[in-house]
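Not measured: the values here are computed from a predicted model. Counting begins at 1 with the first residue of the sequence.
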Amino acid sequence: MAGHFVHQRQPVGRYAPAASPDGPVTEIRSMGERFDPDGADVVTCRQAFTLLWQALRRHWDDAVLMGSPSQTGRDLWSRTIPTTGKWAGGYPVLSEELRGLLHATGGQGRTELILPPRVPERLPALVEYDRTFACTKHLWKSPVGTPRRITAAAFAAMTEAEQVKALMACSHWNMRVTVPQGWNHVGLLPAPVTGDRAWTYPSEPGTTFTTWAGGAEVHLALSNHLMPWKVEILGGLLFEDGKPLDEWGKRLKSAWADLTNLSKLHGDERQRQAAYLASRAVRSVLLFGLGGFAQRPRLVSGTTPLGETLPAGVEILGQDETVVTWQRQAGFSRDPYAHPEWAAYVWSGARAALLDTKYRQGKEVIAHAGALHAKPGTVVYFGTDGIALTERQPWPYRGEPGDYLLKGHLTGPVEHPTSQEQYLKLRGLGRAELAAKGAEQQ
């Protein structure tokens, strides 16, 4: 045994020869890391990997499929590092202090089940929308370099135009927030909590909390079309705007578009299905690759004989008659791929887009979508890049990244789900119903 990774959904088995434990390791991974086979046979899945490799090779002539989507994503990104200019050879890794701050205060995608009485006990319908390949919409600029610390006094001394510019730049803010009186919609900003869930989204009028969020979310809270929230800036980090992920994202977007088109136009059903699975694999390469930049502090595990003093700062995982098994944080590595500021900025932009997305034609805004453009009391669930509501929305779908795609429609009345597990079951029923009806996208 060469050190398995035990995980409920995506375990990894690692094996080394007993006669040569330090020799080559065989790794067995779940295909579900890259895509859900959804009943596809082995031949189709193998063809999906072939199409994935071919699509990536059109944009990286030396592309290699690594052991996991995360490894593949970061390896492809490494092939886009500038060779000239200010950031030739790579981007500086933040100090351990700043990385720790971003890990503690930069949440990931929004996951929230909204319960009665904010929504009906019996839902008239459950309608699911999902933002197509959403993260690519938020890769065009990212924070680079060492940030400038902004104090409350320095922010207050800025003109209104300077404050807007700072919020719209690559930035991360500490603030005191108050939900305005008369507010009757979903929460706009994340609030930290203890327990299993790291963040909630307060929406009760008069609620005050202290939190951190990216500039896009703060600007939306201050300038949304319904009612501005009260936000007092306590401090923040203001980065230089850069494009470390732009080229990487454009190439992955092109590979995804190639495979998506093939999945619709190919004359052979098996090839269409393989191309669709390969397009989902490109999505995994981007999402897991982005998550890989976040790089949490390393965990070290070990055992101590029962009765002996445990190392300082350990968390006990279990014990038997002879040993205590434990783990502890071992700090951060100086890995050149460690950029939590990139992941935090993209996730913040994605959370803001769940609330308000603008459809543009050139520079002109031609339509809006997102939770704040649905009626109060109709939003049931947020799930990273998706929203479930009680009624259909007139949101246009053009097949472009970031557009809201109708994914499911479960006809009501439906008993409101009381847990995420119940919601996911209803979501599956809604997708099956929509597929059976062959409903047209709106």
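Distance check, rounded to the nearest 0.5 Å: CG of Leu98 to NE2 of His103 gives 11.0 Å. To the nearest 0.5 Å, the span separating CG on Leu123 from OG1 on Thr411 amounts to 12.5 Å. If you take CG on Leu434 and CD on Glu128, they are separated by 9.5 Å, rounding to the nearest 0.5 Å. We find the OG1-OH distance between Thr111 and Tyr423 to be 10.5 Å, quoted to the nearest 0.5 Å. Taking CG of Leu102 as the start and CG of Leu237 as the end, the distance is 6.5 Å to the nearest 0.5 Å. The line from CZ of Phe382 to CZ of Arg110 is 4.0 Å long, rounded to the nearest 0.5 Å.
Proximity of a side-chain donor or acceptor of His219 to a complementary backbone N or O of Gly214 within less than 3.5 Å is not detected. In this structure a side-chain-to-backbone donor-acceptor pair under 3.5 Å is missing from Ser348 to Ala344. The main-chain N or O of Asp75 is found under 3.5 Å from a side-chain atom of Ser78 such that the two form a donor-acceptor pair. For the pair Glu364 (side chain) and Gln361 (backbone), a donor-acceptor distance under 3.5 Å is absent. A donor-acceptor pair under 3.5 Å links the side-chain atoms of Asn224 to the main chain of Ala221, judged by distance alone. Under the 3.5 Å distance criterion, the side-chain polar atoms of Thr200 are left unmatched by any main-chain donor or acceptor of Pro202. Formation of a donor-acceptor pair under 3.5 Å by the Asp241 side chain with backbone atoms of Cys170 is found in this model. A donor-acceptor contact shorter than 3.5 Å is absent between the side chain of Glu433 and the backbone of Leu429. Looking only at distances, a side-chain donor or acceptor of Gln393 sits under 3.5 Å from a matching main-chain atom of Glu391.
The number of heavy-atom neighbours closer than 6.0 Å to NZ of Lys250, taken from other residues, nucleotides and ligands shown, is 12 or below. More than 12 heavy atoms of other residues, nucleotides or ligands sit less than 6.0 Å from atom CZ of Arg398.
Two residues are said to be in side-chain contact when any heavy atoms from C-beta on lie closer than 4.5 Å; Gln422 and Leu113 fail this criterion. The shortest side-chain heavy-atom distance between Thr390 and Thr378 falls under the 4.5 Å cut-off. Looking at heavy atoms from C-beta onward, Glu247 lies out of side-chain contact with Lys243 at the 4.5 angstrom threshold. Looking at heavy atoms from C-beta onward, His368 lies out of side-chain contact with Thr357 at the 4.5 angstrom threshold. Asp403 is not listed as a side-chain neighbour of Pro396, based on a closest heavy-atom distance of 4.5 Å or more. A heavy-atom distance below 4.5 Å is not found between the side chains of Leu222 and Trp229. No side-chain heavy atom of Val127 sits under 4.5 Å from any side-chain heavy atom of Leu410. Phe35 places a side-chain heavy atom less than 4.5 Å from the side chain of Cys45.
Leu126 approaches Leu426 most closely through the heavy-atom pair CD2-CB, 3.7 Å. Here the shortest heavy-atom pairing between Gly402 and Arg131 reads O-NE, 3.3 Å. Asp38 approaches Gln273 most closely through the heavy-atom pair O-NE2, 4.3 Å. Smallest separation of non-hydrogen atoms from Thr136 and Pro401: OG1-CB, 3.2 Å. Summarising the geometry of Leu277 relative to Ala48, their closest heavy-atom pair is CB-CB, 3.8 Å, with the distance given to 0.1 Å. Looking at every heavy atom in both residues, Ala169 comes nearest to Lys141 through CA-NZ, 3.9 Å.
Listed by first and then second residue, the side chain to side chain donor-acceptor pair (under 3.5 Å) pairs that reach into residues 151-163 are Thr159-Glu162, sequence neighbours excluded. Applying the side chain to side chain donor-acceptor pair (under 3.5 Å) test to pairs two or more places apart or on separate chains, those with a residue in residues 113-125 are Arg118-Ser203, Arg122-Glu415. For residues 214-227, every residue pair satisfying the salt bridge (charged side-chain N to carboxylate O under 4.0 Å, His left out) rule, not counting sequence neighbours, is listed here: Glu217-Arg351.
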Side-chain donor-acceptor pairs under 3.5 Å in residues 279-288, sequence neighbours left out?
{"residue": "Ser279", "atom": "OG", "partner": "Tyr276", "partner atom": "O", "Å": "2.6"}
{"residue": "Ser284", "atom": "OG", "partner": "Glu33", "partner atom": "O", "Å": "3.4"}
{"residue": "Ser284", "atom": "OG", "partner": "Arg34", "partner atom": "O", "Å": "2.8"}
{"residue": "Ser284", "atom": "OG", "partner": "Arg280", "partner atom": "O", "Å": "3.4"}

Can you give me every donor-acceptor pair (side chain of residues 174-188, partner residue at least two apart or in another chain, under 3.5 Å) with its distance?
{"residue": "Asn174", "atom": "ND2", "partner": "Thr211", "partner atom": "O", "Å": "3.0"}
{"residue": "Arg176", "atom": "NH1", "partner": "Glu232", "partner atom": "OE1", "Å": "2.7"}
{"residue": "Arg176", "atom": "NH1", "partner": "Glu232", "partner atom": "OE2", "Å": "3.4"}
{"residue": "Thr178", "atom": "OG1", "partner": "Thr208", "partner atom": "OG1", "Å": "3.0"}
{"residue": "Trp183", "atom": "NE1", "partner": "His185", "partner atom": "O", "Å": "3.1"}
{"residue": "Trp183", "atom": "NE1", "partner": "Val186", "partner atom": "O", "Å": "3.0"}
{"residue": "His185", "atom": "NE2", "partner": "Ala371", "partner atom": "O", "Å": "3.4"}
{"residue": "His185", "atom": "NE2", "partner": "Ala374", "partner atom": "O", "Å": "2.8"}

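Here Trp395 and Tyr359 keep their ring centres 6.0 angstrom or further from each other. Taking the six-membered ring wherever Trp is involved, the centroid distance between the rings of Trp342 and Trp347 does not fall below 6.0 Å. Aromatic pair His373/His225: ring centres closer than 6.0 Å.
Judged purely by distance below 3.5 Å, without hydrogens or angles, the side chains of Tyr397 and Thr132 pair a donor atom with an acceptor atom. Residues Trp173 and Ser171 have side chains that bring a donor and an acceptor to within less than 3.5 angstrom of each other. Side chain to side chain, Tyr381 and Gln420 meet the donor-acceptor criterion of an N or O pair below 3.5 Å.
Judged as a side chain to side chain contact (heavy atoms under 4.5 Å, CB included), and not counting sequence neighbours, the contacts of Trp60 are Leu56, Asp62, Ala63, Leu76, Arg79, Thr80, Trp248, Arg251, Leu252.
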message: Between Arg149 and Glu97, is the salt bridge (charged side-chain N to carboxylate O under 4.0 Å, His left out) condition met? List the steps.
response: CA-CA 13 Å; Arg149 290 184 181 266; Glu97 175 200 6; 3.1 Å; yes
- request: Please assess Leu94 against Glu341 for the test side-chain contact (heavy atoms from CB on, under 4.5 Å), listing each intermediate value before the final yes or no.
  value: CA-CA 9 Å; Leu94 296 178; Glu341 69 277 20; 3.5 Å; yes
field: Verdict with reasoning, Glu240 to Lys86, per side-chain contact (heavy atoms from CB on, under 4.5 Å)
entry: CA-CA 12 Å; Glu240 180 180 341; Lys86 182 177 181 179; 2.9 Å; yes
message: side-chain contact (heavy atoms from CB on, under 4.5 Å), that's the test. Do Leu245 and Trp140 meet it? Break it down for me.
response: CA-CA 7 Å; Leu245 303 177; Trp140 65 279; over 6 Å; no
message: Is there a side-chain contact (heavy atoms from CB on, under 4.5 Å) between Val379 and Val119? Walk through the geometry before answering.
response: CA-CA 7 Å; Val379 179; Val119 290; 5.9 Å; no
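Geometrically, Arg74 does not engage Phe293 in a cation-pi contact defined by less than 6.0 Å to the ring centre and at most 45° from the axis.
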